[in-house]
Amino acid sequence: MAPADDAEGSARSPSASSDSSPLAELDVWLLFAVTLVGVGNVSGVSPAFPQVVDVLGISRVQVGWVVTVYSLPGLLSAPLAGIGADRLGRKRVLVPTLFVFGIAGGACALARSFPVLLVLRAVQGFAAAPLVGLAITIIGDRYDGATRAAVVGYNATALNVGTAAFPAVGGMLAAIAWYVPFALPLLALPVGTAVAWKLEAPAVDGRSSAEGFRGYLRTVGARLRDRRVFGLLAVNLGIFVLIFGAFLTYVPELVETRFGASSVVSGVVLAAASVSSALVATQIGRLATWIPPRRLI
């Protein structure tokens, strides 16, 4: 998703060049809210997995599909959303994905069979994958230089707050009933309404020719063939396999079966990892001054 051209229908927000703090702007907080609701829908429900196994009569291997079917659709939806955001406009893609995410995610709380739950999770995951990326893209459209870096950093803080809070909240909700944590995505509905009414996103030119679109795809293909980009994508893949495939899926099972602990304790264990991640993230800039980025990765 490329930043919108200033000449295209709408320039950068005047506030991008002002001396006031970006934290004084409503649009920034709306983007933080998008990031918050877009994260945690694995860590927020994973404390309920031991109960899901018992109530729905599935195996501990099968419960991993609750994560898998949520994550896999993003392989398709994220690039499609990027193309749509560049061609149609950021807001025209962001608002529908928020509503689909919220409705499908909330409907998971009503599912009482494993196949229905998986279908709804797949729909939710299809809408979830582009949310954080779209928020970052709009930040890139609106701000330049040090202000952009600062707002991206604030957005990362919002992400880390969400990843720290969702496991603990999910654990407490799972103590009420296994399906209650699955209702957390309903928070996306008021956020989507606020974004639709209040967010100002720079316009993009969607009237490009077919040749322009082919050129766009060639540029994307060239970036993907870059060894450095491919290497970073491979690293990200490995990280997601470890976090979503192992840690968030099976640590709650381990906590219950080995230690006999409740879903609340599972949520606290998962939240502890997110808190440590948030603390380390605040020091990345300092670490990067001591250690070359490639070696740090």
Side-chain angles (χ1 to χ4, degrees), residues 1-6 8 31 34-35 38-39 42 67-68 70-90 93-94 97 125-160 163 201-202 204-206 208 210-248 277 280-297:
M1 289 173 277
D5 194 325
D6 290 355
E8 294 173 354
L31 294 172
V34 171
T35 296
V39 302
V42 174
V67 176
T68 301
Y70 178 85
S71 304
L72 283 180
L75 296 175
L76 177 63
S77 65
L80 287 178
I83 294 172
D86 285 341
R87 311 285 293 179
L88 304 175
R90 317 313 195 197
V93 177
L94 179 58
T97 53
F126 188 88
L131 292 179
V132 176
L134 287 169
I136 293 293
T137 299
I138 295 173
I139 290 171
D141 292 340
R142 290 175 58 87
Y143 301 102
D144 288 311
T147 303
R148 176 190 290 176
V151 178
V152 169
Y154 295 144
N155 192 72
T157 300
L159 187 149
N160 284 316
T163 55
V204 297
D205 185 3
S208 302
E211 179 60 34
F213 183 59
R214 287 195 292 269
Y216 174 87
L217 293 180
R218 283 197 296 269
T219 299
V220 172
R223 296 292 184 270
L224 292 176
R225 288 192 294 271
D226 187 315
R227 290 179 59 189
R228 295 167 298 177
V229 173
F230 183 83
L232 290 172
L233 291 175
V235 169
N236 277 326
L237 174 63
I239 291 170
F240 271 82
V241 168
L242 291 173
I243 294 176
F244 292 99
F247 180 71
L248 293 176
S277 296
V280 173
T282 64
Q283 302 302 311
I284 290 298
R286 182 176 300 177
L287 289 171
T289 63
W290 300 337
I291 307 171
R294 182 176 299 182
R295 187 175 300 171
L296 187 61
I297 292 173

Less than 4.5 Å apart, any side-chain heavy atom of [X] and any of [Y]?
{"X": "I138", "Y": "L94", "result": "yes"}
{"X": "N155", "Y": "I139", "result": "yes"}
{"X": "L237", "Y": "L233", "result": "no"}

Separation between [atom1] of [X] and [atom2] of [Y], rounded to the nearest 0.5 Å:
{"X": "L134", "Y": "T35", "atom1": "CG", "atom2": "OG1", "answer": "10.0 Å"}
{"X": "F126", "Y": "L75", "atom1": "CZ", "atom2": "CG", "answer": "11.0 Å"}
{"X": "D141", "Y": "T137", "atom1": "CG", "atom2": "OG1", "answer": "7.0 Å"}

- With sequence neighbours left out, what residues match L242 under side chain to side chain contact (heavy atoms under 4.5 Å, CB included)?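 By the side chain to side chain contact (heavy atoms under 4.5 Å, CB included) rule, L242 matches no residue at all.
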Nearest heavy-atom neighbours spanning [X] and [Y]:
{"X": "A135", "Y": "V34", "result": "CB-CG1, 4.3 Å"}
{"X": "G125", "Y": "S77", "result": "O-OG, 4.3 Å"}
{"X": "A81", "Y": "P130", "result": "CB-CB, 3.3 Å"}
{"X": "V93", "Y": "G84", "result": "CG2-C, 3.6 Å"}

